[in-house]
Amino acid sequence: MQPPDVDAAERKQIEAKGFRYFLSYSDQTGIMWIRRKKDGSCFFLAKNNRCAIYSVRPAICRLEPFTIIDFDCEKNRIELELNFPSACGCSGVFDGETLPIEEIGKAAQIMVQKILALTAKDLGLLVTDKRVAYESRSRILRGRVEIANLEM
């Protein structure tokens, strides 16, 4: 299962910036997804092509232009790769700027924690149970296979 775009703490930070009605509950799970504009772009993408909530953007946005492709629970290692085509439009990826490694690493950790929490809930186990970590890794890897099949 895909983790939510925002969790409760992230939602409060965004609301503190004055934004309301930015979430969509389009599926039966009640997961909080950021609404999209009619053109498919992010709700927070301003006319100047900048993020209106950049200083409080959620972990999923901080992780861009990367995506999690593996989580080795034995070594507590998260593997990332560039998320194409998102990476193509991301300033800093191809223009020689230094990417904020610590920020990206923290965002990846937050996203893995969200995946672990969802998996634990699905399995009815504590998040600390090793079976949750192994199933979470399996879900991440299955997601990669599904994406690869779609690209073929």
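- Of all the heavy atoms in P58 and I34, the pair that sits closest is CG-CD1, 4.1 Å.
- Within a 6.0 Å sphere centred on CZ of R131, heavy atoms belonging to other residues, nucleotides or ligands number 12 at most.
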Stepwise side chain to side chain contact (heavy atoms under 4.5 Å, CB included) check, D72 with N76: CA-CA 6 Å; D72 184 340; N76 196 26; over 6 Å; no
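- Across all non-hydrogen atoms, the minimal contact from A120 to L126 is CB-C, 4.0 Å.
- To the nearest 0.5 angstrom, F22 atom CZ is 10.5 Å from D5 atom CG.
- Atoms CG and CD, on D7 and Q13 in that order, are 8.5 Å from each other to the nearest 0.5 Å.
- Shortest non-hydrogen contact noted between I14 and V56 is CG1-O, 4.1 Å.
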F71 vs L116, side chain to side chain contact (heavy atoms under 4.5 Å, CB included): CA-CA, chis, key distance, verdict: CA-CA 10 Å; F71 167 57; L116 289 166; 4.2 Å; yes
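- Put simply, I140 and I110 are part of two different groups of oily side chains (I, L, V, M, F, W, Y) that touch within less than 4.5 Å, one to the next.
- The side-chain heavy atoms of E79 and I68, taken from C-beta on, include no pair separated by under 4.5 Å.
- Note on ring orientation: taking the six-membered ring where Trp is involved, the planes of F19 and F43 are perpendicular (angle over 60°, cut-offs 30° and 60°).
- Between atom CG of residue D129 and atom OH of residue Y134 there is a gap of 10.5 Å, rounded to the nearest 0.5 Å.
- Once rounded to the nearest 0.5 Å, the distance linking CZ of R139 with CD1 of I115 reads 10.0 Å.
- Salt bridge status for R11 with E15: present, with a side-chain N to carboxylate O gap under 4.0 Å.
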Test side chain to side chain contact (heavy atoms under 4.5 Å, CB included) applied to T67 and E81, step by step: CA-CA 6 Å; T67 188; E81 75 177 10; 4.0 Å; yes
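- L45 and L23 fall into different hydrophobic clusters, where Ile, Leu, Val, Met, Phe, Trp and Tyr side chains are chained together by heavy-atom contacts under 4.5 Å.
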Steps toward side chain to side chain contact (heavy atoms under 4.5 Å, CB included) verdict (L80, I104): CA-CA 10 Å; L80 306 174; I104 293 166; 3.7 Å; yes
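- A 6.0 Å sphere centred on NZ of K37 holds more than 12 heavy atoms belonging to other residues, nucleotides or ligands.
- With hydrogens and angles ignored, the 3.5 Å screen pairs a side-chain donor or acceptor of S136 with a backbone N or O of V132.
- Closest heavy-atom contact between A107 and R62: CB-CB, 3.7 Å.
- Considering NZ of K17 and OG of S55, their distance stands at 3.5 Å, rounded to 0.5 Å.
- Geometric assessment of R57 against the ring of Y54 yields a positive cation-pi assignment under the 6.0 Å and 45° thresholds.
- How far CD1 of I60 is from CH2 of W33: 8.5 Å, rounded to the nearest 0.5 Å.
- Ion pairing between E135 and K130 fails under the 4.0 Å rule for side-chain N and carboxylate O.
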